[in-house]
Q: 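Sending over a structure as structure tokens; questions will come in a sec.
Naming: A, B, ... by sequence-line order, numbering from 1 per chain.
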Amino acid sequence: MILLACPNCGPRNVQEFRYGGEVRQRPDLNTVTPEEWADYVYMRDNPLGVMREWWFHRAGCGLWFIAERHTKTHEIQATYAWSKGPS
Amino acid sequence: MRSETRSRTRRLETAPSEVIDRERVIRFTWQGRLFSAYAGDTIASALAAEGVQTFSRSFKYHRRRGLLCVSGDCPNCLVHVDGEPNVRACRTKVEPGMRVRAQNAWPTLDLDVMAATQLVGRFLPPGFYYKTFKRPRALWPFYEDVLRHAAGLGEVDPDREPGRFDKVYKHADVLVIGGGPAGLRAALAAAQAGAGVLLLEEHEALGGHLRYTTAEVHGHPAHDVARSLAATLSAQANVELMLNTLVFGVYDHGWFGAVQGNRLVKVRAGATVVATGAYEQPLVFENNDLPGIMLGSGVSRLLNLWRVLPGERAVVVSANPRGLQLALDLAQAGCHVTVAEMRAEPEEAPVEALRGHAVEILTGATVVRASGNGHVERVTLAHAGGATREVACDLLALSTGYLPANGLLSQAGAKPVWDEALHEFVPAGLRAGMFAAGEVAGTHTLAEVKREGTLAGLEAARFAGFGGSEADREIERLAVEVAEAQSRRSAWTPGPILAPEQKKDFICLCEDVAQADVRQSIEEGYQSMELLKRYSTIGMGPCQGKMCQMATMRLCAHHNRRPIAETGTTTARPPLRPVSMGALGGRLLEPVRYTPIHTWHVAQGAKMMNAGQWKRPEHYGDPLAEVRAVREAVGLIDVSTLGKMLLHGTQVPELLERLYTNQWRRLGVGRVRYGVMVNDEGVVMDDGVTARLNEHRFYMTTTSGGATTIYEWIEWWLQSGWQVDAGIVNVTELYAAMNLAGPRAREVMASVCSDADLSNEAFPYMTVRQATVAGAPAILMRIGFTGELSYEIHVPAGYGLHVWQALMDAGAAYGIRPFGVEAQRVLRLEKGHIIVGQDTDGLTNPFEAGLGWAVKTAKPDFLGRRALIMESEQGISKRLVGFTMPDGVLPEEGNQIVRAGQGPLGLEIVGRITSARWSPTLGKIIGLCWLPAEMALPGSHFTVRVRGKLLTGRVVETPFYDPEEARLRA
């Protein structure tokens, strides 16, 4: 049971949160090619290493935030709201 | 067949180490016969005291098995107790009236027909089921039946009452796993450093092996030392002790799973000390599984805890001081003892003491063969130089080395390192915050064990943030001492002795795997430990490798001609020991959501149904009559489960424009619009209506099932960079909602609402008004899922029941009926309205579903725009259309639409029915279905497979009822 630190509420059991997928840069819809768009919609990097991913504090404050988690060791290196960026 | 003869086991006189209460006698049955036990006896100790030698039959060859480890780590004593299978007799206390039966033996334990499998052993090598039982194919069902009965261990009684299960959460600064000398010292040190300590001990008392060893500690009996250490610990205020608690799994970030009887214990620990000890290992030699062959620690436990002497003539094979101590204990209890000491130069003092008891000691000796009829009767010892000796005995005790119980460390990713001097794996690569001490770390002498425990406790406390500079200095000092002591450790586990292959020289007792089986598996190519395990099934039985992992690794290394250090172990995964499904399941807690009007529905005798977690009325006895009431008079339905969102801010229209496919910027105050939400793939996600209450306040509804998803979806867009001045509040549970529908609805409304102009001119279709209904503040929307004049009334939840009641009272004069989900399904179907998630799926785009009118691709960026443009350019390949059934047979939702093709039955599937009902309003069957575009023109016929029969349907235009919307807009 991963211990995830909500930027507002502090460390909580991961069951309080909903996973939101890999953080991806939304392409500019005016210039994106069909291949780039398909890549954005369907493809994920799925790294063995640190991944930036979305989490939503569903059983708490309702904050969507980003966690930097190592996909093998589950070490959480940082959590921050999108607006704050990595600190 | 021989019957069970009474062996010469007996109960010894009282001793201070015993755990039995001789004043309390308990009666129980074993195999239908009455036996007596003392309170504190386990099933195993009670039966052993009465001379029982055979406790079970082995899994594959049904060989007789007796007590081996007496600590719950081997498969030999698994029995069936009061309807529960696979109970460890050596770990289960006798209760009055217990009925204990043997397993895996038929017809009796003494006469087991399946023992005949030993005769055909050469046809059952490892992996035999991959090679045999293949032909003829027609016999597969028969083979399956036979093998099913032969496989498996224990019988489940389906009528047995399930137990009560529960769970508890614990939080600790320092978790200590294991209450033996190392664990006790660690807990004490951590507690004195200020940490809150939780100590979990698997057995029923603290002290570990100190409870059953007669060796003295600084002149005091070991069990006394154990008790006083335990008492000191209990007296500490910041220490919590849990006995009979087994930690079975390590998870993330200090999360541990443990089980205490029927209770699951979930622990979050700041730091952990693993002091779980080690498993004594049996030797591998011919007939090493005969009853009467026991681990030395098992004999010690029987002797000292339950005061049972399991034999009169004992041979003790010793590879460390504990073997010699055991030999002395047996001699002092009156046993005739012969010692085969594997070491060339054992300790002098115990040897002297043994000579004083006329015990013969052979040095450099080991056992190479055992024999006897159903029980050990003689053993063959071999000593250095090759000479052999046969010794008659009825007990063979093996104190021949250890396998550290490092399962939890390994689960946490540690990769133990082989220590060539100790012949044991020692911990390495421990996860940060986890510390190991004592026998699990390869240290067996008590003084060193205690020092390691203290060090680990202090280190754990420091990791968790407790201690100080004095503790830091202590840690430094102890670390040096421990490292120095560890470098001087002597081996308590003998080096590998690969005896030549014989028959019935078992490595794995759970699965009856012998040395030849391991060699054969490796020769067939299954060379790595992981493959060897899976192919030969070695280590896959109830003990999960606790008794055999050492021998397996040695043999694997030998046959691969590689050092043990390179051979490695198999991956450790939770649970460490079997955990019941009940404990993992816990209490059956299933949350249920009720609307504010629930009690009224139930009182009316509504048939309630589950809609997700909600309880909703399916109907009130006659759904067709409810449909008629809505069409002819007026009906009322509870729609409180709808998702409801309040959107506020200056840029809400911009937000809606981006979220929905249609246009929102020109939605005036007081107007309502239906919207379709689509995701980046262009797939329909949700639909609902949104009303503009005032310039900066909107009220959005979603489907009941979509409420949470859509709320989180919108929050995500708002919090991740869409620069819009808008906010959302999820008010789904704060508002009750009901829909008053039917030609008389306005009249009913008028009698409960006096502060709004309800005329069609002032309050037309697709508009919203805020007014007072039955005294409650309400949002009223004229929308039309049912196709009749209707008002959807939203009031704060606390008013819900009152307003509902008021409407029912007011409607009585007009023939009002409540209607449920089933009637609503028929009503909406008559209008051709889709239900997202029922008529659409994970691939449906709005064009196919007939919602193209809601898509405004001319808008700048909105969710799904890109995909929708591509879809509209590519054209539609399939369509959702209305249909009827000329033959009058009602199809089931999900039935497949077919045409001639390449599939089985000469058919291919081209579509399916998503909704179908008998319509009382129209007097015929109507529904919605998916068809290929070329087959979807109104008037076309198609074939649908209904319960195996092929029937004909005809495509018709929707809506089926009131296409001009005259009734809706009344």
Q: Measure A:Phe65 against the heavy atoms of chain B and call it side chain, backbone, both or neither at under 4.5 Å.
A: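 No part of it gets close to chain B.
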Q: With the threshold set at 4.0 Å, does a side-chain nitrogen-carboxylate oxygen contact exist between A:Asp39 and A:Arg24?
A: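 So A:Asp39 pairs with A:Arg24 through a salt bridge.
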Q: At a 4.5 Å cut-off on heavy atoms, which part of A:Val32 comes close to chain B: side chain, backbone, both, or neither?
A: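 A:Val32 touches chain B through backbone and side-chain heavy atoms alike.
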Q: Relative to chain A, which of B:Lys266, B:Glu712, B:Glu681 shows the most heavy atom pairs under 4.5 Å?
A: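 Among the listed options, the one with the most contacts to chain A is B:Glu712.
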Q: Using a strict threshold of under 4.0 Å (side-chain N to carboxylate O), is an ion pair present between B:Asp166 and B:Arg587?
A: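 A salt bridge links B:Arg587 with B:Asp166.
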Q: With a 4.5 angstrom heavy-atom cut-off, is it the side chain or the backbone of A:Ile66 that approaches chain B, or both, or neither?
A: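 No part of it gets close to chain B.
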Q: Select one option (side chain, backbone, both, neither) describing which atoms of A:Pro11 are under 4.5 Å from chain B's heavy atoms.
A: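 Nothing of A:Pro11, per the 4.5 Å heavy-atom cut-off to chain B.
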Q: Which atoms of B:Arg268 come close to chain A, meaning under 4.5 Å heavy atom to heavy atom: side chain ones, backbone ones, both, or neither?
A: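 Looking at B:Arg268, just its side chain touches chain A.
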Q: Please determine if B:Glu657 and B:Lys856 form a salt bridge, counting it only when a charged side-chain N lies under 4.0 Å from a carboxylate O.
A: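 Salt bridge flag = no for B:Lys856 with B:Glu657.
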Q: Given A:Glu53, which partner from the list A:Arg44, A:Arg69, A:Arg18 fulfils the salt bridge (charged side-chain N to carboxylate O under 4.0 Å, His left out) test?
A: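 Of all the options given, the one that passes is A:Arg69.
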Q: Compare every heavy atom of B:Pro427 with every heavy atom of B:Leu409, then report the nearest pair and how far apart it is.
A: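 The pair with the smallest heavy-atom distance is CD1-CB, 4.0 Å.
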